[in-house]
Trainee: 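Starting off with a structure, shown below.
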Amino acid sequence: MIKSTDTIKTPPLFSKGCLTFKDSNHTLTENGKFYRCSLKTNGFCITKSEKLINAKNLEDRLARLMEKFFLPQGISTTVFEKAMAIYFANLFKSGNRDLHAQNDLEATGNIMIKDLRDGKEIQKSDLLNFKRKYFQLIKNFYSDFLIGFFIQFLFILIKNKSELDEMNSQLDKVFKVKPQKLHRSFALQLKKIYISDTGEIENIEFEGYAWFVFQYFKKLIPEYQPKIKEGFILNTKKFPSLDYDTVMEEFMRNDLADTYSYNPFATKYAKEKWLKKVFDGLDKLSAQEKIDYLIKLNSPSKEYIYAVFSTVLRN
């Protein structure tokens, strides 16, 4: 269960399985100030050519790689305005949907609360229905949250400080969003980073949603040409349309599993892990404790917010 003492940890720079030796396809794991073959950590790898990779050096390489993707100067305001237009249009459309889902969840929660107050046990069918509706509501919020990644990706690719400061100022006024560590934000967009045995970045694969945003920028800015070699990006998916709503409908058909590999919809295991975090231990509470917890899940409490933001934790 979610507890009042829970905190949202800073996610690792690279998600699990992201760093991969290109030749062997072995993934790397963090070990102090170094990254090393995860199989070698457990004594299951005998590949001698795979070196210990200095973490700071790899982070510096990632920062230099990010610079190769910078957008041309002078066009960020136009892109930002389009991104914000998408954001507000999406917010308007999702409002009624999310309100309906919230009311539906509360109705189911109130049935369980009434049973508890009447000295009865929660019906299994009601709890299963509540879990299903709660998960759907969080999935709705996650789809809304993705537009923030769209805007974040734009910030990553702006080189000019005055343009960046202007946009940061606008976001701070509207959302109270402070500037972030951009190399960390760039890493969030990468599903795979293939490196040589000595730690040079050889290829990358964008996360599904990030690949769409990247394609969107390229269409919107014909002169945009990242300074990378041909074949460096391994993504090959072609979207039938780059209209935001159309692409989101496509992602929704697979329950948003293809947006980011570390979201709670990516695999059955991820979904079960998320549901376990929210609901395991509920049966061990007293009747009043169950009522209190259900009420918290029905409102924008710390528990509720944690459930939303846990969708982007990469552990």
Side-chain angles (χ1 to χ4, degrees), residues 1-20 26-31 35 38-39 41-42 98 101-102 104-105 108-109 112 122 124-146 148-149 184 187-193 205-210 251-285 289-290 292-315:
M1 290 179 61
I2 300 170
K3 303 175 182 177
S4 60
T5 54
D6 285 335
T7 57
I8 300 176
K9 300 177 182 178
T10 301
L13 179 58
F14 303 109
S15 60
K16 185 177 180 180
C18 175
L19 285 178
T20 306
H26 294 169
T27 59
L28 288 84
T29 185
E30 191 171 4
N31 191 316
Y35 289 96
S38 55
L39 292 177
T41 300
N42 298 318
D98 296 341
Q102 180 72 49
D104 203 18
L105 176 76
T108 304
M112 295 190 293
I122 294 175
K124 289 184 178 180
S125 58
D126 289 338
L127 182 56
L128 287 173
N129 197 25
F130 185 85
K131 287 181 179 180
R132 178 180 60 81
K133 291 177 179 180
Y134 193 80
F135 191 73
Q136 181 60 50
L137 184 63
I138 295 302
K139 190 162 60 176
N140 288 351
F141 277 119
Y142 178 77
S143 68
D144 300 336
F145 188 76
L146 285 173
F149 273 53
R184 177 173 290 277
L188 285 169
Q189 312 301 330
L190 303 179
K191 182 177 182 179
K192 279 287 189 179
I193 301 176
E205 178 185 351
F206 282 113
E207 294 281 358
Y209 183 82
F251 280 131
M252 286 293 282
R253 280 195 287 271
N254 195 26
D255 285 338
L256 298 168
D258 301 324
T259 53
Y260 286 91
S261 59
Y262 45 85
N263 74 52
F265 323 108
T267 63
K268 181 181 179 180
Y269 170 76
K271 176 180 177 179
E272 290 175 349
K273 180 181 178 182
W274 184 87
L275 286 170
K276 182 177 180 180
K277 175 60 182 175
V278 179
F279 292 102
D280 258 25
L282 182 65
D283 58 326
K284 298 178 181 178
L285 301 179
E289 287 171 333
K290 290 176 183 177
D292 293 342
Y293 190 69
L294 289 171
I295 291 173
K296 286 181 179 180
L297 292 180
N298 271 337
S299 61
S301 62
K302 180 177 180 179
E303 285 80 3
Y304 190 92
I305 294 170
Y306 182 95
V308 174
F309 278 91
S310 68
T311 62
V312 294
L313 299 184
R314 304 198 296 176
N315 48 22

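Computed from a predicted model, the values in this text were never measured in an experiment.
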Trainee: Sequence neighbours excluded, which residues qualify as side chain to side chain contact (heavy atoms under 4.5 Å, CB included) partners of Ser38?
Mentor: Thr27, Thr29
Trainee: Quick one: closest heavy-atom pair of Leu188 and Tyr262, and the distance?
Mentor: O-OH, 2.8 Å
Trainee: Determine whether more than 12 heavy atoms belonging to other residues, nucleotides or ligands lie under 6.0 Å from atom NZ of Lys271.
Mentor: no
Trainee: With rounding to the nearest 0.5 Å, note down the distance linking OH in Tyr35 to SG in Cys18.
Mentor: 9.5 Å
Trainee: If you round to the nearest 0.5 Å, how far is CZ of Phe135 from CZ of Phe279?
Mentor: 10.5 Å
Trainee: Is there a side-chain contact between Glu289 and Leu282, using heavy atoms and a 4.5 Å cut-off?
Mentor: no
Trainee: Which atom pair, heavy atoms only, marks the closest approach of Phe251 to Asp258?
Mentor: CE2-O, 3.7 Å
Trainee: Between the main-chain N or O of Ala270 and the side-chain N or O of Thr267, is there a donor-acceptor pair closer than 3.5 Å?
Mentor: yes
Trainee: Work out which heavy atom in Leu285 is nearest to a heavy atom in Met1; give both atom names and the distance.
Mentor: CD1-CE, 3.5 Å
Trainee: Is any side-chain heavy atom of His26 closer than 4.5 Å to one of Thr20?
Mentor: no
Trainee: On a heavy-atom basis, which atom in Tyr209 and which in Leu146 lie closest, and how many Å separate them?
Mentor: OH-O, 3.0 Å
Trainee: Heavy atoms only: give me the nearest Leu297-Tyr134 pair and the separation to one decimal.
Mentor: O-CE1, 3.4 Å
Trainee: Looking only at atom types and distance, does a side-chain atom of Gln189 sit under 3.5 Å from a main-chain N or O of Glu207, one as donor and one as acceptor?
Mentor: no
Trainee: Distance from Ser143 atom OG to Asp255 atom CG, nearest 0.5 Å?
Mentor: 11.5 Å
Trainee: Just verifying a value: how many Å separate Lys133 NZ and Asn129 CG, rounded to the nearest 0.5 Å?
Mentor: 4.0 Å
Trainee: If you measure from CG on Leu28 to CG on Leu39, what distance do you get to the nearest 0.5 Å?
Mentor: 10.0 Å
Trainee: Using the rule given for side-chain hydrogen bond (donor to acceptor under 3.5 Å, both in side chains), can you reason through Tyr142 versus Thr259, listing the C-alpha separation, both sets of side-chain angles and the distance that settles it, and then say yes or no?
Mentor: CA-CA 10 Å; Tyr142 178 77; Thr259 53; 3.2 Å; yes
Trainee: Checking Gln136 against Asn140 for the side-chain hydrogen bond (donor to acceptor under 3.5 Å, both in side chains) test, could you report, in this order, the C-alpha distance in whole Å, the side-chain angles of both residues, the deciding distance, and whether it holds?
Mentor: CA-CA 6 Å; Gln136 181 60 50; Asn140 288 351; 2.9 Å; yes
Trainee: Should Ile138 and Phe145 count as side-chain neighbours, where that means a heavy-atom distance under 4.5 Å?
Mentor: no
Trainee: Rounded to the nearest 0.5 Å, how far does NZ of Lys290 lie from CD1 of Ile122?
Mentor: 5.5 Å
Trainee: Tell me, please, whether Tyr260 has Lys191 positioned over its six-membered ring: NZ or CZ under 6.0 Å from the ring centre and within 45 degrees of its axis?
Mentor: no
Trainee: Where do Glu205 and Leu190 land on the side chain to side chain contact (heavy atoms under 4.5 Å, CB included) test, with the steps shown first?
Mentor: CA-CA 6 Å; Glu205 178 185 351; Leu190 303 179; over 6 Å; no
Trainee: Applying side chain to side chain contact (heavy atoms under 4.5 Å, CB included), can you list everything that pairs with Asp126, at least two apart in sequence or on another chain?
Mentor: Ile111, Met112, Asp115, Gln123
